[in-house]
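Here is the structure we will look at.
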Amino acid sequence: MDIGTYGYPTPAVKKIESYYDVPEGVDIRGRYDAEFAKILTKDALKFVADLQREFRNHIKYALECRREAKKKYNEGALPEFDPATRYIREQEWVCAPVPPAVADRKVEITGPVDRKMVINALNSGAKVFMADFEDALSPGWENLMRGQVNLKDAVAGTISLHDKARNRVYKLNDQTAKLFVRPRGWHLPEAHILIDGEPATGCLVDFGLYFYHSYSAFRRTQGAGFGPFFYLPKMEHSREAKIWNNVFEKAEKVAGIERGSIRATVLIETLPAVFQMNEILYELKEHSVGLNCGRWDYIFSYVKTFQAHPDRLLPDRVQVGMTQHFMKSYSDLLIRTCHRRGVHAMGGMAAQIPIKDDPVANEAALELVRKDKLREVKAGHDGTWAAHPGLIPACMEIFNNNMGNASNQIDTVKREDAANLTEQDLLQIPIGTRTMEGLRLNTRVGIQYLAAWLSGSGCVPLYNLMEDAATAEISRVQNWQWLKYGVELDEDGLGEKVNKDLFDRVVEEEMARIEKEVGTVKFEKGMYKAACKIFTRQCTSPTLDDFLTLDAYNYIVVHHAKEGPVKALN
């Protein structure tokens, strides 16, 4: 396997002819399906290929800049506000007015793009459904293409599902949530679609196919003349926002719709991005509809950014909540920045799921959600995220009780006090303990999530929480950092140092626990052993991989030749 120009592995495969009717320079290696062919039309693929050709060098440059920044941080530098763009931060300017269709975003539900999820989420009573091609989806060919079919049907209003096992038909209600779509991050390839001989950029495939098929119907049925609407993940710098802005402008031009029709909320989920919030909004000024606190990935990014800083080790991840000073500072500055620029400041995820067989535990979990949402709305957030429909009434009640009839708090909660937050506030080392249970939980959750991901599921209920890739990433990088610096454990592991022998023992014991919890039959049939191998290798590698999913992706790529499927990686 060689390393492609994007820095990720490119599986070597023989040349095959595509079954799909493709434009020149496009080669599809995914399985042929008549439903997929309605998405992968020649014109839609040409639109995606044109985006790829116009922006691939800009994307490569942005990813190279990420590598340069990482090198700088690994040599001891700290993220900071860029002196060169001080004028953007200090000038008074605002983004384009929020489209009326999405002025009220008090509660948003998120989830993958499988058919039942799409219907249930749109019917959930939430204001917005963020359909996810990113961290809540395992990006195999079937998942991605079925997701595109599902979203096209959802926007058209024709989506339905007959669950024969339950003898139940699922279809859309008259009133549904507004649809936002989250494509993958810039770094992820789409290895099943080659453009001019190299893998397409995953997010351009996700965005391009969805936009091409649905922009017209969306603007008519959902956006009241605006849209489509998007969430943009994993950005580290405003230059990446500028690429998205240019993509949006090109798409609008091709479609013949007004400039500023497409709107996007950017997830601030990397540590470098918190120092670029004004600049990101500035680049997307005509296309912005806010920022979001992507807090789990933000914690992952904190560890990754400071991987070479032994003085900045995090405590157990369960102790890194929004009351930690660096997390509260990030949330407060995001609210102040968004409201100053006239857009939504969205809160973080409530990952709890209902505990049906334990009413006491269920009420305790709901109380945690209520407290978190009350903190958010009082701080000035305009809305929040929930992972499960069962949480929506509790979240909605908190926001309605504190906001009254207002759609948002953009004009009423300015948070001028947050103007004085400094780089030191945003980087303050969190307090807490590092324990054996923390090491065990990281290992147990990381392996189980990855096993599900390899099996095709990117959104996984574990220990009464709905987990996505961000949790596995925190688990992995924290284990890696504790191993690298031989962390001395507190409390239940008092005085014990984390080293390879201890970690091997923990992995062995946690694998035994996983088998006991899920049952031997499921354990043997599942991908637990493969997941353990990948996760362990990632945690013990001399150098920290940027993303767990980049390595694991090669295990789910299947290239189809005329004589049958060809695994991209043995």
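For reference, positions follow the sequence shown, starting with 1.
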Under 4.0 Å between a side-chain nitrogen and a carboxylate oxygen: does that hold for R476 and D545? no
Sidechain-backbone polar pair: Q222 side chain, L179 backbone, donor-acceptor under 3.5 Å: yes
Salt-bridge test for K234 and E134: reply yes if a basic N is under 4.0 Å from a carboxylate O, no otherwise. yes
Please determine, by modelled atom types, if E236 and T270 share a side-chain donor-acceptor pair under 3.5 angstrom. no
Looking at V113, is its backbone amide N or carbonyl O close enough to the side chain of N150 to form a donor-acceptor pair, meaning the two atoms are under 3.5 Å apart? yes
Flag, side chain of H388 to backbone of G390, donor-acceptor distance under 3.5 Å: yes
Report yes or no: does Q148 contribute a side-chain atom to a donor-acceptor pair with the main-chain N or O of Y210 at less than 3.5 Å? yes
Begin from the C-alpha positions of R415 and D417 and carry the test salt bridge (Lys or Arg N to Asp or Glu O under 4.0 Å) through to its verdict. CA-CA 5 Å; R415 291 305 305 270; D417 56 306; 3.0 Å; yes
Would you say that more than 12 heavy atoms from the other residues, nucleotides or ligands in this model lie under 6.0 Å from the NZ of K328, or not? no
Audit row: K178, D104, salt bridge (Lys or Arg N to Asp or Glu O under 4.0 Å) steps and yes/no: CA-CA 10 Å; K178 292 289 186 282; D104 186 344; over 6 Å; no
Ignoring hydrogens and geometry beyond distance, is a side-chain donor-acceptor pair present between D332 and S329 at under 3.5 Å? no
In this structure, are over 12 heavy atoms from other groups packed under 6.0 Å from Q175 atom CD? no
Take F229 and F218 through the test ring pair (Phe, Tyr, Trp, His ring centres under 6.0 Å) and record every step on the way to the result. CA-CA 9 Å; F229 304 134; F218 185 94; 5.2 Å; yes
Could you check L427, L314, L313 and say which one makes a side-chain contact (heavy atoms from CB on, under 4.5 Å) with F306? L427
R105 and T265: side-chain donor and acceptor closer than 3.5 Å? yes
Answer yes if the side chains of D490 and T435 hold a donor-acceptor pair under 3.5 Å, and no otherwise. no
Is the shortest side-chain N to carboxylate O distance from K106 to E376 below 4.0 Å? no
Are L441 and E437 close enough that some pair of their side-chain heavy atoms sits under 4.5 Å apart? yes
With a cut-off of 6.0 Å (strictly less than), are more than 12 heavy atoms of other residues, nucleotides or ligands near CZ of R505? yes
Are any side-chain N or O atoms of N123 and backbone N or O atoms of K171, one a donor and one an acceptor, separated by less than 3.5 Å? yes
I'd like to know if the side chain of D132 and the backbone of P112 have a donor-acceptor N/O pair within less than 3.5 Å. no
For the pair E473 and K304, find out whether any cationic side-chain nitrogen is under 4.0 Å from an anionic carboxylate oxygen. no
When the ring centroid of F547 is compared with that of Y553, is the distance short of 6.0 Å? no
Plane angle bin for Y330 and Y298 - parallel if under 30°, tilted between 30 and 60°, otherwise perpendicular: parallel
Should the pair D153-R146 be classified as a salt bridge under the 4.0 Å nitrogen-to-oxygen rule? no
Side chains of D546 and H187: donor-acceptor distance under 3.5 Å anywhere? no
So do the side chains of V320 and P315 get within less than 4.5 Å of each other, counting heavy atoms only? yes
Modelled atom types, side-chain donor and acceptor of Q538 and D551, under 3.5 Å: yes
Before giving the answer on side-chain contact (heavy atoms from CB on, under 4.5 Å), spell out for K414 and R340 the whole-Å C-alpha distance, their side-chain angles and the decisive distance to 0.1 Å. CA-CA 7 Å; K414 289 300 187 184; R340 184 181 173 204; 6.0 Å; no
N-O pairing of E509 and R513 below 4.0 Å: no
Could you tell me whether R168 and D163 make a salt bridge, using a distance below 4.0 angstrom between a side-chain N and a carboxylate O? no
For the residue pair P354 and N362, what are the closest heavy atoms and their distance? CA-OD1, 3.3 Å
Would you indicate whether K127, at its atom NZ, is surrounded by more than 12 heavy atoms from other residues, nucleotides or ligands within a distance under 6.0 Å? no
Would the number of heavy atoms belonging to other residues, nucleotides or ligands and lying under 6.0 Å from NZ of K116 be above 12? yes
So R317 and W296, do their side chains get closer than 4.5 Å, heavy atoms only? no
Could you verify whether a donor N or O on one side chain and an acceptor N or O on the other, from Q409 and D382, lie under 3.5 Å apart? no
When rounded to the nearest 0.5 Å, the distance separating CG of L333 from CZ of F275 is 9.0 Å
Any side-chain donor near an acceptor of the partner, T384 and K373, under 3.5 Å: yes
For a 4.5 angstrom cut-off between non-hydrogen side-chain atoms, does E142 reach L144? no
D425 and T422: side-chain hydrogen bond (donor to acceptor under 3.5 Å, both in side chains), yes or no, with the steps? CA-CA 5 Å; D425 289 310; T422 65; 3.1 Å; yes
Quiz question: by atom type and distance under 3.5 Å, do the side chains of R444 and Y463 form a donor-acceptor pair? yes
Is the shortest side-chain heavy-atom distance between L281 and L291 below 4.5 Å? yes
Test item: T536 side-chain N/O and C532 main-chain N/O as donor-acceptor pair under 3.5 Å: yes
Backbone N or O of A361 within a donor-acceptor pair of the D358 side chain at under 3.5 Å? yes
Step by step, would you call W244 with C203 a side-chain contact (heavy atoms from CB on, under 4.5 Å)? CA-CA 10 Å; W244 269 120; C203 61; 3.8 Å; yes
Any heavy-atom pair between the side chains of I119 and L161 that's under 4.5 Å? yes
Is there side-chain contact between T443 and S475, with heavy atoms separated by less than 4.5 Å? no
With distance as the sole criterion, is a donor-acceptor pair present between the side chains of T433 and Q319 under 3.5 Å? yes
Identify the two heavy atoms, one from S138 and one from G456, that lie closest to each other, and give their separation to 0.1 Å. CB-C, 3.6 Å
Assess the side chains of Y485 and Q307: does a donor N or O sit below 3.5 Å from an acceptor N or O? no
Do NZ/NE/NH1/NH2 and the carboxylate oxygens of E515 and K529 come within less than 4.0 Å? no
Quick one: does any side-chain atom of N292 pair with a main-chain N or O of A345 as donor and acceptor, under 3.5 Å? no
Are a donor atom and an acceptor atom from the side chains of H339 and T412 found within less than 3.5 Å of each other? no
Is any side-chain heavy atom of N143 closer than 4.5 Å to a side-chain heavy atom of D114? no
Main chain of P228, side chain of R263: is a donor-acceptor contact present, judged purely on distance under 3.5 Å? no
Could you tell me which non-hydrogen atom of D297 sits nearest to which non-hydrogen atom of A470, and how far apart they are? OD2-CB, 3.5 Å
Is it true that the side chains of Y231 and E108 contain a donor and an acceptor less than 3.5 Å apart? yes
Please indicate whether E508 has more than 12 foreign heavy atoms, meaning atoms of other residues, nucleotides or ligands, lying under 6.0 Å from its CD. no
Are F129 and F180, when compared by the centres of their aromatic rings, separated by less than 6.0 Å? no
Of Y449, F535, F523, which meets ring-ring contact (aromatic ring centres under 6.0 Å, His included) against Y528? F523
